[in-house]
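In what follows, a structure is listed as structure tokens, so that the remarks can point back to it.
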Amino acid sequence: MDKETLLREIIDRIATCTRCGLCEHRTQTVPGEGNLNARLFFVGEAPGREEDLSGRPFVGAAGTLFTEILKSVKIDRKDVYIGNIIKCRPPDNRTPTMAEMDACAPFLLAQLQVVHPKLIVTLGASSLSYFLPEREIKITEMRGKRLQWEGGITIFPMFHPSYLLRNASKAPGSPKALTWDDIREVRRIYDQSE
Ligand code: URA
Ligand code: URA
């Protein structure tokens with residue numbers, strides 16, 4: 001089967017999923033979107049209010065900042081794939097539980113298998129903790145490092161854009177300044193992966 005059909009099937013399964021309690025609160029699922037052949041795959045945590053209403057990832061305030069970060073290195077959203085560990089909005093945007101992540105992550109793994117990127121950029125601590133469950137995650141120490149994952153895929157952790165909205169300083173060494181360094185490094189890895 002071609003990638004489009006495979007991804008469509010995954011998205012259809014997500015749409016009717018009742019594996020965890022989050023399904024009771026959703027307006028709709030937010031499966032993720034982007035280029036089926038993307039070499040670069042961004043993984044956030046979970047949809048917020050705007051995403052739940054629109055069915056698309058990263059379209060609220062954090063999403064606007066995320067899109068700006070991409071634009072700063074001329075990465076277009078339509079050239080990459082953008083998804084989340086969790087496909088339904090947690091009530092009041094609370095952090096998803098491990099049980100919810102375990103229930104939902106098989107969908108992300110299936111999406112990763114189909115798209116098969118060279119580079120996964122995790123956004124925030126929850127997303128990274130899913131990929132590195134055995135390690136104590138300190139996002140401030142892990143961000144900006146290239147890590148090897150399964151199948152020769154590189155993982156590159158970055159801060160979550162919501163965290164940057166709460167920490168607006170652009171002073172040297174601030175989360176925002178570091179993020180603008182990190183996205184330039186993502187651009188370099190991306191260019192090398194051609
Ligand atoms: N935050 C996320 O982690 N994902 C989204 O899709 C939107 C906000
Ligand atoms: N804590 C998080 O969960 N994510 C960040 O990006 C920073 C701190």
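For ligands, and for the atoms within them, numbers begin at 1 and follow the listed sequence. No hydrogens, no waters, no symmetry mates; every other heavy atom, side chains included, goes into these values.
- The distance criterion of under 3.5 Å between nitrogen or oxygen atoms is not met by P57 with respect to ligand 1.
- Within the listing of ligand 1, atoms 2 (C), 3 (O) sit less than 4.0 angstrom from a heavy atom of E45.
- Contact between R56 and ligand 1 is absent, with no heavy atom of the residue lying under 4.0 Å from the ligand.
- No path of Ile, Leu, Val, Met, Phe, Trp and Tyr side chains, each step under 4.5 Å between heavy atoms, connects V59 with L165, placing them in separate hydrophobic clusters.
- The atoms of ligand 1 that sit less than 4.0 Å from any heavy atom of G44 are 3 (O).
- You'll find the side chain of Q113 stays beyond 4.5 Å of the side chain of L109, heavy atoms only.
- Contact annotation: for A46 versus ligand 1, heavy atoms closer than 4.0 Å belong to the backbone alone.
- Cation-pi geometry between R13 and F107 is not satisfied (NZ or CZ under 6.0 Å from the ring centre, within 45° of the ring normal).
- Remark: minimum distance from atom 6 (O) of ligand 1 to any protein heavy atom is reached at N84 ND2, 2.8 Å.
- The side-chain heavy atoms of E9 and M1, taken from C-beta on, include a pair separated by under 4.5 Å.
- For the 3.5 Å distance criterion, the side chains of K78 and N35 fail to qualify, holding no donor opposite an acceptor.
- Checked by distance only, ligand 1 and E51 stay at 3.5 Å or farther apart across all their nitrogen or oxygen atoms.
- For F66 and F42, the distance between ring centers is under 6.0 angstrom.
- Of the N or O atoms in A62, none lie within a sub-3.5 Å distance of an N or O in ligand 1.
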